[in-house]
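First up is the structure itself, then whatever we jot down about it.
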Amino acid sequence: YIIESTYGLDRIVLALLFEGLHEEQISDTDSRIVFHIKPALAPIKLNILPLIKKKHAEKAKELYRMLAKYCMVQYEESGSIGKRYRRGDAIGIPYAITVDDTTLEQGTVTVRDRDTMEQSRQAVNRKMDGAMILIPKYIMEGTTPPATQEPSIRPTTARISIACMERLMAARIPCSR
């Protein structure tokens, strides 16, 4: 394909999109599409997911309404939990918060990291408007959780990004891997 955009911000954003979107092989039969964007740059910070729609939706919507005051949040309840995780990964949402039975019983939620796919239980820890809600510091600041570290950019990736941007700006050549 040849993409002919005008010189300016369009080409830079297009180059970032080309470099950020990856298909990762998870196993021999399973892969996922992930948009790797730094959490601070991601427009939507959190994906609120009830594990079972009929059982956990009310608490998940309550959490959504409260967190929406602080950052952009998406609520999704259609499909299986795995498919909802994958849809969030594909559009670059850095963290997913799952509301389940333990949330109702003990006041903890599952926080899933997009890049590592690791899940951890987090206590609902800040009291606002008479209800307990979760706003971890790393989500509000757009950084990684303390237990995990963000993968560093490989030098080859940085060179590919610069070369890709130069080609896009200099000629009408598509940027491919």
Side-chain angles (χ1 to χ4, degrees), residues 9-10 12-14 16-27 29-151:
L9 189 61
D10 295 358
I12 295 169
V13 170
L14 188 59
L16 292 174
L17 289 174
F18 279 145
E19 289 301 314
L21 198 61
H22 300 282
E23 184 172 359
E24 292 181 355
Q25 199 68 27
I26 297 171
S27 66
T29 59
D30 195 18
S31 65
R32 71 178 184 142
I33 295 175
V34 183
F35 183 49
H36 291 286
I37 185 170
K38 286 189 174 277
L41 298 177
I44 302 172
K45 306 285 187 208
L46 300 168
N47 201 2
I48 308 294
L49 311 169
L51 187 62
I52 302 170
K53 181 180 175 180
K54 292 180 183 178
K55 197 172 182 182
H56 307 116
E58 184 179 330
K59 184 67 175 174
K61 287 178 183 177
E62 177 185 330
L63 192 60
Y64 167 81
R65 284 189 295 272
M66 286 186 257
L67 288 172
K69 296 175 187 177
Y70 302 99
C71 60
M72 287 190 65
V73 181
Q74 175 177 300
Y75 174 84
E76 190 173 357
E77 61 184 19
S78 63
S80 70
I81 192 73
K83 288 181 182 179
R84 288 183 267 164
Y85 282 147
R86 298 292 166 88
R87 283 192 293 263
D89 294 346
I91 61 173
I93 300 174
Y95 305 103
I97 294 179
T98 306
V99 176
D100 54 16
D101 288 334
T102 310
T103 306
L104 303 177
E105 296 165 3
Q106 299 175 4
T108 60
V109 293
T110 303
V111 178
R112 178 185 179 269
D113 183 67
R114 172 201 63 209
D115 296 330
T116 62
M117 296 189 335
E118 291 179 1
Q119 298 181 1
S120 62
R121 296 298 299 182
Q122 299 283 334
V124 177
N125 59 11
R126 186 185 287 178
K127 188 161 181 106
M128 299 195 73
D129 299 330
M132 300 299 283
I133 62 170
L134 167 84
I135 309 175
K137 185 178 178 184
Y138 64 85
I139 291 174
M140 298 310 296
E141 293 176 351
T143 59
T144 56
T148 62
Q149 292 183 349
E150 186 171 321

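These values consider heavy atoms only, across backbone and side chains, with no hydrogens, waters or symmetry-generated copies. Bear in mind that the values here come from a model prediction, so they are computed numbers and not experimental data.
Residues Pro50 and Ala60 come closest through the heavy atom pair CB-CB, 3.9 Å. Between Arg84 and Arg87, the shortest heavy-atom distance links the atoms CG-NH2, 3.2 Å.
In the model, Ser31 has a side-chain atom that pairs as donor or acceptor with a side-chain atom of Glu23 under 3.5 Å. In this model, a donor atom of one side chain and an acceptor atom of the other lie less than 3.5 Å apart for Ser120 and Gln122. Side-chain contact of Asp115 with His36: a donor-acceptor pair under 3.5 Å is present, judged by distance alone.
A distance of 10.5 Å separates CG in Asn47 from OH in Tyr64, rounded to the nearest 0.5 Å. Note: Leu17 CG to Phe35 CZ = 4.5 Å, rounded to the nearest 0.5 Å. Remark: Gln25 CD to Thr29 OG1 distance equals 8.0 Å, nearest 0.5 Å. Going from atom CD1 of Ile37 over to atom CG of Leu21 covers 11.0 Å, rounded to the nearest 0.5 Å. Here the NZ-CD distance, from Lys53 to Glu76, works out to 11.5 Å after rounding to the nearest 0.5 Å.
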Verdict with reasoning, Leu67 to Ile97, per side chain to side chain contact (heavy atoms under 4.5 Å, CB included): CA-CA 11 Å; Leu67 288 172; Ile97 294 179; 4.2 Å; yes
Side chain to side chain contact (heavy atoms under 4.5 Å, CB included) assessment of Arg112 paired with Leu49: CA-CA 11 Å; Arg112 178 185 179 269; Leu49 311 169; over 6 Å; no
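Arg65 and Glu62 are not joined by a salt bridge, as no carboxylate oxygen comes within less than 4.0 angstrom of a charged side-chain nitrogen.
No side-chain heavy atom of Glu58 sits less than 4.5 Å from a side-chain heavy atom of Leu104. Looking only at side-chain heavy atoms (C-beta outward), Arg121 and Thr110 come within less than 4.5 Å of each other.
A side chain to side chain contact (heavy atoms under 4.5 Å, CB included) with Val34 holds for exactly one of Met117, Arg114, Arg86; it is Arg114. Applying side chain to side chain donor-acceptor pair (under 3.5 Å) to His56 and the options Thr103, Asp101, Thr98 leaves one that passes, Asp101.
With hydrogens and angles disregarded, a donor-acceptor distance shorter than 3.5 Å links the side chain of Lys45 to the backbone of Ala42.
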